[in-house]
Asker: 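Below is the structure I would like to discuss, written out as structure tokens.
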Amino acid sequence: LSKIHGEQQKVCTEKTDILAPTISSDKTVLSLPAKNILLVSLFSNYRQGLALFFAFLVTMFQNFKDAIETFELSDEDIDTAAVKELALASIFTLVIIVLIGLMTIPFIINLVRYYIKYYNFSIVKNITGNFSMQYGLFNKVNTIFNRDKIQFITFKQNQILKHFGIGILSLRQLVTNAAKEDKSSIVMPGIVLADRDKVYELAFPDPIFENTTELKPRIGLLINLFIKMLFFFGLLGIALYYIEFDTMLIYPAFLILLLATTIYNYLFYKNYRLIYNDNFIVKRYGVWNEKEIIIPMARVQGV
């Protein structure tokens with residue numbers, strides 16, 4: 001760091017791998033607008049937020065149950081009818097709270113995960129061909145990412161981000177030290193498609209999509225998915241048959257869920273692709289969240 005900040009002129013005149021922090025505009029490869037990172041924070045990772053939200057509800061319920069056991073409260077001590085009446089009266093408020101929670105929890109998580117961490121992200125290329133990346137809102141990070149150690153690249157976007165023409169690009173670096181595993185990847189949230197292609201070119205000198213062969217899955221994949229689906233819904237239907245529920249509500253929801261799962265499995269089968277040439281393997285899959293994984297053949301560690 002002292003060499004970077006204190007001897008900038010010396011660094012520019014000597015051959016060195018250290019990149020000066022003051023980067024000329026002609027070397028800047030790309031930068032991520034703050035609004036794009038904010039859009040990614042708003043419209044991604046809702047499954048994680050949903051899981052955390054339900055974990056929060058379960059924790060609150062368990063704490064309430066522990067409190068009842070701690071104070072040794074019995075049914076006589078609690079006006080059960082009053083509790084039920086209160087629950088029915090506040091059902092609308094509970095639904096609103098759930099919806100707000102589903103919207104805000106993923107957003108808060110993504111603010112920390114993407115916006116704060118990768119704010120003002122910029123990437124440049126130095127004379128040795130390595131990436132120099134700078135990012136961070138409070139904790140500024142300057143890092144050199146050697147393209148010869150890139151193990152694979154992942155680009156993903158859901159249908160909302162696809163509408164805005166942006167996605168999330170991740171670079172995974174090969175590391176031999178397990179202690180540095182958490183520092184082996186760099187994420188570029190809110191990257192536009194044109195900049196994504198620039199990163200592809202910088203990361204891999206050979207063309208990725210030249211002279212490629214595309215493989216589609218056989219019908220056995222779809223049959224396998226449908227067998228698993230029918231087995232699951234068969235068990236669920238048997239369980240619902242022996243449990244007393246309001247059939248006017250349960251079975252329509254059951255049929256809607258079955259139809260949605262059928263459509264999802266078909267689209268998953270239809271979108272699944274494996275593309276390869278002499279230098280790269282490219283895997284594309286996903287329904288709502290579409291992913292593209294690019295793996296250089298020379299760096300495959302196992303099959």
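No hydrogens, no waters, no symmetry mates; every other heavy atom, side chains included, goes into these values. Counting from 1, the numbers follow the sequence of the chain as shown. None of these values were measured; they are calculated from a predicted model.
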Asker: Hey, could you give me the CD/CD1 distance between E201 and I208, rounded to the nearest 0.5 Å?
Answerer: 8.5 Å
Asker: How far does CE of M297 sit from CG of N277, to the nearest 0.5 angstrom?
Answerer: 7.0 Å
Asker: Which residue pairs pass the ring pair (Phe, Tyr, Trp, His ring centres under 6.0 Å) test when at least one of the two sits in residues 271-292, sequence neighbours left out?
Answerer: F204-F280, F268-Y272
Asker: I'd like to check F43 versus L38 (side-chain heavy atoms, cut-off strictly below 4.5 Å). Are they in contact?
Answerer: no
Asker: CG/L42 to CD1/I37 distance, rounded to the nearest 0.5 angstrom?
Answerer: 12.5 Å
Asker: Can you check whether Y266's main-chain N or O pairs, donor with acceptor, with K270's side chain at less than 3.5 Å?
Answerer: no
Asker: Check K156 with E292, please: is the shortest side-chain N to carboxylate O separation under 4.0 Å?
Answerer: no
Asker: Okay, side chain of N36, backbone of P189: is any donor-acceptor separation there less than 3.5 Å?
Answerer: no
Asker: Rounded to the nearest 0.5 Å, what separation is found between the CG atom of L39 and the OG atom of S41?
Answerer: 8.5 Å
Asker: In terms of relative ring orientation, are F209 and Y200 parallel, tilted or perpendicular, with 30° and 60° separating the classes?
Answerer: tilted
Asker: Would you mind writing out the side-chain donor-acceptor pairs for residues 212-227 within the sub-3.5 Å range, not counting sequence neighbours?
Answerer:
{"residue": "E214", "atom": "OE2", "partner": "R273", "partner atom": "NE", "Å": "3.2"}

Asker: How many angstroms lie between atom CE of M188 and atom OH of Y135, to the nearest 0.5 angstrom?
Answerer: 9.5 Å
Asker: Step by step, work out the side chain to side chain contact (heavy atoms under 4.5 Å, CB included) result for L137 and N120.
Answerer: CA-CA 7 Å; L137 181 60; N120 199 24; over 6 Å; no
Asker: Does the side chain of Y118 reach to within under 4.5 Å of the side chain of L32, using non-hydrogen atoms?
Answerer: no
Asker: Can you check whether I123's main-chain N or O pairs, donor with acceptor, with Q134's side chain at less than 3.5 Å?
Answerer: no
